[in-house]
There are 2 protein chains.
Amino acid sequence: MSTVFPKPTHDHGRCVDDAMAEAERACREGGARLTPQRRQVLAIVLESHQPIGAYDVLARMNAAGGRTAPITVYRALDFLMTQGLVHRLASRIAFIACSLPDRHETGGGGGQNAQGDGAQFLICGDCGTVAEMTDRRIETAIRERARTAGFIVSAPVVEVEGTCPNCAGASDG
Amino acid sequence: MSTVFPKPTHDHGRCVDDAMAEAERACREGGARLTPQRRQVLAIVLESHQPIGAYDVLARMNAAGGRTAPITVYRALDFLMTQGLVHRLASRIAFIACSLPDRHETGGGGGQNAQGDGAQFLICGDCGTVAEMTDRRIETAIRERARTAGFIVSAPVVEVEGTCPNCAGASDG
DNA sequence: CAACAATTTGTTATGTTGTAACATTTACGC
DNA sequence: GCGTAAATGTTACAACATAACAAATTGTTG
C-alpha cells in the first residue's frame, strides 16, 4: 500500500518542522519573503492534516487576544498558495498545507504554481484527513480526454471524497 | 474530436426543451415531484451552458418583481441535485444543468446521485462554457490509485479549468 | 544617512454564499 | 373531510471573501 496517507502514529512535530524548514528554503531560493505573519499562518495550516477554514486560521491567530482581520489571513494564504506551500480545497472551502516539497517552485522556472496545479487530493469524509499525490496516470487520462474534446487544460482540480485507510480499518475489519 | 462541448451554433431552444422533457420523465418515473418552482429553477439553470450562481438564479426569479428568498433557491437546487438534474461546481461555487440524461437515476437503483457522482467537467476559463463527461479511463485511474493508497472512493470531483475548442480556435488558429 | 520605490500590513466596511428555525400552505392516501 | 407528509414562506443569521485606502516596513540608490 502506498504511503500517501499520513499515519496517525507519525511524528507530527518533525513533520511540521521539516515542512517549515522546506518552506523557508523554497522562499529564500525563490526570493519570496516568508514574513513572521505568513510563517504563523503556515504553521497553523500545518498543525493538522485536515483542511482548515480561513476563519478558523483567523480564530487561532486571535486566540491570544489579537485583532487580526480576515483579509490579513486571506493575504497570507494567497501568498502561500502562490509559493505552492498551501492548497485550497474547493470542495471543502478550506486550506491544506502542501505535502510534496519537491513541488515548491523556487523561481520563474517551469510551471505556474497557483492552484489546481496538477495535484490530486484524497479527502476522508470520516476523519477529514487529506492525502496529496501527483499521479501521472490520472493526469494523463484527464489531459488526453480533454485533448480529444479539443480542450486545452490549464488547471485540473481532482478532489476525491471517500474513506481513508485508518477509518476503513477501524470500522470495516 | 468528441462532441462534449456544446457548439455555439446548436439549437439551444430544443436543447432546453429536450432537457426539460427528460427531467419530467425522470422525476415521474422516480416518484419525485417536479413542482412549478423547481421547474422554474431548472429552466433558469438550463438557460446557458455556463454555470450560474444561486444568487443569480434568485435574481432571475425576482426579475419580474417576485419576493423569493435565497433559501427557496437552495432548496430547489438541492432537490435538482438529488435527482441528478443539476450539478454543483465547487471550483466555481456555481451550478450547471446535467447534460447526460442517461444519468438521471429514476428510483432506488444502483448508485447514489448526490453530487460528485463520477462525472467530469471541463470548464472554459475564457467563455465559461462547461462540458460534462463520464470518462471511464479517468475514473478508473482515480479509483485504482485510491485503492493503492487504501482509500475507498465515494465521490470523485474532477473539474478541469482550461480553454474550450471555440475559444482556442478564435485566438490560436 | 536621506530619499524614494516597492512590498507588506492595518483598518474599516461591505459583498457574496449558504443555513437555521419555525410558521404556513399544499398535495396525497384513506 | 381528515390526518400526514412534503413543499413553501418568512425572518434572521452564519460563514466565506474582497474592496478601498492609510500606514508601516523593507530594500535600493546616491
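Distance CZ (R38(A)) to C1' (dT25(D)): 12 Å, rounded to an integer number of Å. Rounded to an integer number of Å, the gap from N62(B) CG to dT10(D) P is 11 Å. Nucleotide dC16(D) holds its P atom 11 Å from the CD1 atom of I52(A), rounded to whole Å. Look at CZ on F79(B): it is 7 Å from P on dA7(D), rounded to the nearest Å. Taking atom CG of residue L34(B) and atom C1' of nucleotide dA7(D), one finds them 13 Å apart after rounding to whole Å.
Using a cut-off of 4.0 Å between Lys/Arg side-chain N and Asp/Glu carboxylate O, E144(B) and R147(B) are scored as not salt-bridged. Between E24(B) and R28(B) there is no salt bridge, since no side-chain nitrogen of the basic residue lies less than 4.0 Å from a carboxylate oxygen of the acidic one. In summary, E159(B) and R88(B) do not engage in a salt bridge, as defined by a charged side-chain N under 4.0 Å from a carboxylate O.
The salt bridge (charged side-chain N to carboxylate O under 4.0 Å, His left out) test applied to D18(B) returns R14(B), not counting sequence neighbours.
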Practice task
Decide side chain to side chain contact (heavy atoms under 4.5 Å, CB included) for V73(B) and Y55(B); before the verdict, give the C-alpha distance in whole Å, the side-chain angles of both, and the deciding distance to 0.1 Å.
Solution key: CA-CA 8 Å; V73(B) 173; Y55(B) 276 71; over 6 Å; no
Practice task
Indicate for each nucleotide in nucleotides 10-29 of chain C, in 5' to 3' sequence, whether protein heavy atoms under 4.0 Å reach the base (B), only the sugar-phosphate (S), or nothing (-).
Solution key: BBB----BBB-------S--
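Screening residues 11-47 of chain A for ring-ring contact (aromatic ring centres under 6.0 Å, His included) gives H10(A)-H12(A), H12(A)-H49(A) as the qualifying pairs, with residues at least two apart or on separate chains.
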